[in-house]
Amino acid sequence: MTLRLTRSLTEIMPGSASLRILWTILAIVWGGYAAHARDLSSVAINDVSAALDRLRGNGAALRSFLVEMPKGGDLHNHLSGAVYAESALAWARAEGWCFDVASKAALPPPCDAASKPPLVDALRSTQAYRDAINAWSMRDVITAQVSGHDQFFNSFFRFSDVTGNNIGAALAEVVERAASQNALYLELMISPLMGEARDLGEQIGWKDDPDAMLAALDNKGLGDLVKRAAASVGAIVDDKDRRLSCGDAAHRRRGCDVVVRFLAQVYRNVDRAKLFSQTALAARLASLEGPVVGLNLVAAEDDEITLGNYSDQMRIVGDIGRRHPKARISLHAGELTMGLVPPKDLTFHIREAVEIAGAKRIGHGVDIGFERDAKELMGRMAHDGILVEINLTSNAQILGVEGPDHPFPLYRRVGVPTALSTDDEGVSRIDLTHEYQRAARAYALSYRDLKQLSRNSLTYAFLPGESLWRDPGAARPVSACAGGQLGATAPSRDCSRFMAGSEKARLQWELEARFARFESKWSGREGKPANSIALASPPLSSSKRERSARRVR
């Protein structure tokens, strides 16, 4: 390659022979440097892979390794469910909320001493406080008197009003947690003024005509609702920035550096008119040049309304999506399993989300094995680059599907892109690192596997701009950025120009820079890895490995 590059430069460069000689030398040097950088990267990755293998058997050591590993982002994360119960209880206590003794839900004042005492009084005892945390999350769900599915979905009504009143604080908590795990990006699901959108849907009623429905919504004030919803999202971001001192260089918190975008989530267990009006609001928001980049449908997929109207819901999303091409679509589909619903309802949800609704990502996708012609469907998803957001802990807790019964290895084997996500990390009592750890141990994933999952979370994010990767699966960059190790050196002029027009590519470059630093550290090129004495033997150099191997033989 270097010789070809040299020949092409000498042929095309004008000027004297000495100038051509200079360019020849530079070409040889650059070609050698690029090859050297690739070689160093390969050696470092091998060293890091060996370190991961040494740590895999110890949970604490593996956690310490993975919490440092760069993670592109979390693409499937409901902001209301990402808050830990302890935070929501603290907000409710400070704001004077009441506590419904029977349901264990926070309720607004006025309170009464018998059935709805002040929350601060109701939770004075340690046991009462523990019981409230259990009721507001999946903690101790094994000993609960309800299924994991019911405990999960029933927990939200107990705290959702509290988190809704503290959404800026919730966002600050979540981005700080992401930053502490070396994550760069969050795509969070929120519900900006969706209640008002449902009211509009009720006012206009259902008509089987998308254009007529949109016109009726516009006549009822959808445009004004979009403006107010956009302003409410901006206020959430501003509140987060204020809490984290993002405008103060001396005091800004790490969470300020986490890039945040939102998906407008549509509550699906309603009639068609209300679903349409919410989806229209979501699509209009996602069409603006703002922090909302897409939409999703949320709530239990096995609910009677959704099971009865699922195909209509997919048509509504598809009709609105085609009329708002800037709005990106990710859909919960296939968050079902045998026994939860009749078998017939397991056979078409993922397919219709892809083929009718136009989803570019699928959330969960657990029932893929039950889909009609699943092999053909997965082939299409692989070909079209339709990523599946994998939520391992959530699927284990809610559906009881885990380990060898989960389709995660199947998706990977047939080439469907996947990324790990948390779903509702506060309710599930987990974080993103936990999901990487669970995947690494349950499916014996290598460091290269984990790195690809991390990269996928940015490649398939709904960030604007072209991807840094020409071939994501093979980690081949676009031609403008080819040559050398991405992130390890300053980008070339062509690469800088390419990234200037792509927010996504710039964030992907930052991820590669973090990988370069992480791999240098764990390969021993910056001395011993952090906690190497406690966690693992320090990595050996190639020559030392060879001498050690000869002694063993």
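Small disclaimer: the values here were computed from a predicted structure and weren't measured.
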| remark: salt bridge (Lys or Arg N to Asp or Glu O under 4.0 Å) pairs touching residues 145-168, sequence neighbours excluded, are none

| field | Check: M194 and R198 side chains under 4.5 Å, non-hydrogen atoms | value | yes

| Under the ring pair (Phe, Tyr, Trp, His ring centres under 6.0 Å) test, which residues partner Y460, sequence neighbours left out? | none

| query | Which value, rounded to the nearest 0.5 Å, describes the distance between T422 atom OG1 and D431 atom CG? | reply | 8.5 Å

| query | Any luck finding a side-chain donor-acceptor pair between T459 and Q508 under 3.5 Å? | reply | yes

| request: May I ask you to decide whether E510 forms a salt bridge with R506, counting only side-chain N to carboxylate O separations under 4.0 Å? | output: no

| message | If you define the side chain from C-beta out and look only at heavy atoms, does anything of C111 sit under 4.5 Å from P117? | response | no

| request: Could you check if a side-chain atom of C98 sits within less than 4.5 angstrom of a side-chain atom of P118, using non-hydrogen atoms only? | output: no

| said: Strictly distance-based, threshold 3.5 Å: is any side-chain N or O of D100 a donor or acceptor partner for the main-chain N or O of S103? | reply: yes

Distance-only criterion, 3.5 Å: show the donor-acceptor pairs between side-chain atoms of residues 339-349 and protein atoms not counting sequence neighbours.
from: T347; atom 1: OG1; to: K344; atom 2: O; distance (Å): 2.7
from: T347; atom 1: OG1; to: R372; atom 2: NH1; distance (Å): 3.1
from: H349; atom 1: ND1; to: E301; atom 2: OE2; distance (Å): 2.6

| said: Side chains of T393 and R438: any donor to acceptor distance under 3.5 Å? | reply: yes

| said: Does anything in residues 322-333 form a side chain to side chain donor-acceptor pair (under 3.5 Å)? List the pairs, not counting sequence neighbours. | reply: H76-H332, H78-H332, D211-R323, R284-H324, N296-H332, D319-R322, S330-E389

| message | Any heavy-atom pair between the side chains of F99 and K116 that's under 4.5 Å? | response | no

| message | I need the K274 NZ to W206 CH2 distance, nearest 0.5 Å. | response | 14.0 Å

Please set out all donor-acceptor pairs under 3.5 angstrom arising from side-chain atoms of residues 286-293, sequence neighbours excluded.
from: S287; atom 1: OG; to: A283; atom 2: O; distance (Å): 2.7

| note | Contacts of N456 meeting side chain to side chain donor-acceptor pair (under 3.5 Å) (sequence neighbours excluded), chain-then-number -> Q452

| With sequence neighbours excluded, what pairs up with F370 under the ring pair (Phe, Tyr, Trp, His ring centres under 6.0 Å) test? | none

| message | With a 3.5 Å distance limit and no angle check, can you tell me whether S137 reaches the backbone of R139 through a side-chain donor-acceptor pair? | response | yes

| query | Does anything in residues 262-272 pair up under salt bridge (Lys or Arg N to Asp or Glu O under 4.0 Å), and if so which pairs, sequence neighbours excluded? | reply | R272-D312

| query | Taking atom types as modelled, is there a side-chain donor on Q151 or N134 under 3.5 Å from an acceptor on the other? | reply | no

| query | Looking at D224 and R228, does any basic side-chain N land under 4.0 Å from a carboxylate oxygen? | reply | yes

| message | Which residues pass the side chain to side chain donor-acceptor pair (under 3.5 Å) test with R252, not counting sequence neighbours? | response | D257

| field | Close side-chain approach of N165 to W97, heavy-atom, < 4.5 Å | value | yes

| query | What salt bridge (Lys or Arg N to Asp or Glu O under 4.0 Å) pairs are there with at least one residue in residues 182-191, not counting sequence neighbours? | reply | E187-R361

| task | State, with a plain yes or no, whether a side-chain heavy atom of I362 is found less than 4.5 Å away from one of I386. | result | yes

| Considering only heavy atoms from C-beta outward, does the side chain of S311 approach that of R315 to under 4.5 Å? | yes

| field | Separation between CG of L453 and CE of M69, rounded to the nearest 0.5 Å | value | 8.0 Å

| Which pairs count as salt bridge (Lys or Arg N to Asp or Glu O under 4.0 Å) when at least one residue sits in residues 78-91, sequence neighbours excluded? | E86-R429

| said: Would you compute the distance between atom CG of N77 and atom CZ of F262 and round it to the nearest 0.5 angstrom? | reply: 11.0 Å

| note | d(N395 CG, Q397 CD) to nearest 0.5 Å is 9.5 Å

| said: Check E173 with R177, please: is the shortest side-chain N to carboxylate O separation under 4.0 Å? | reply: yes

| query | Are L281 and L222 close enough that some pair of their side-chain heavy atoms sits under 4.5 Å apart? | reply | yes

| note | Tightest non-hydrogen contact, residues Y411 and G365, listed as OH-O, 2.6 Å

| said: Given E176, which partner from the list R254, R243, R253 fulfils the side chain to side chain donor-acceptor pair (under 3.5 Å) test? | reply: R253

| task | Only counting residues at least two apart or in another chain, list the ones meeting ring pair (Phe, Tyr, Trp, His ring centres under 6.0 Å) with F153. | result | H149

| Would K71 and E435 pass as an ion pair if we require N to O under 4.0 Å? | no

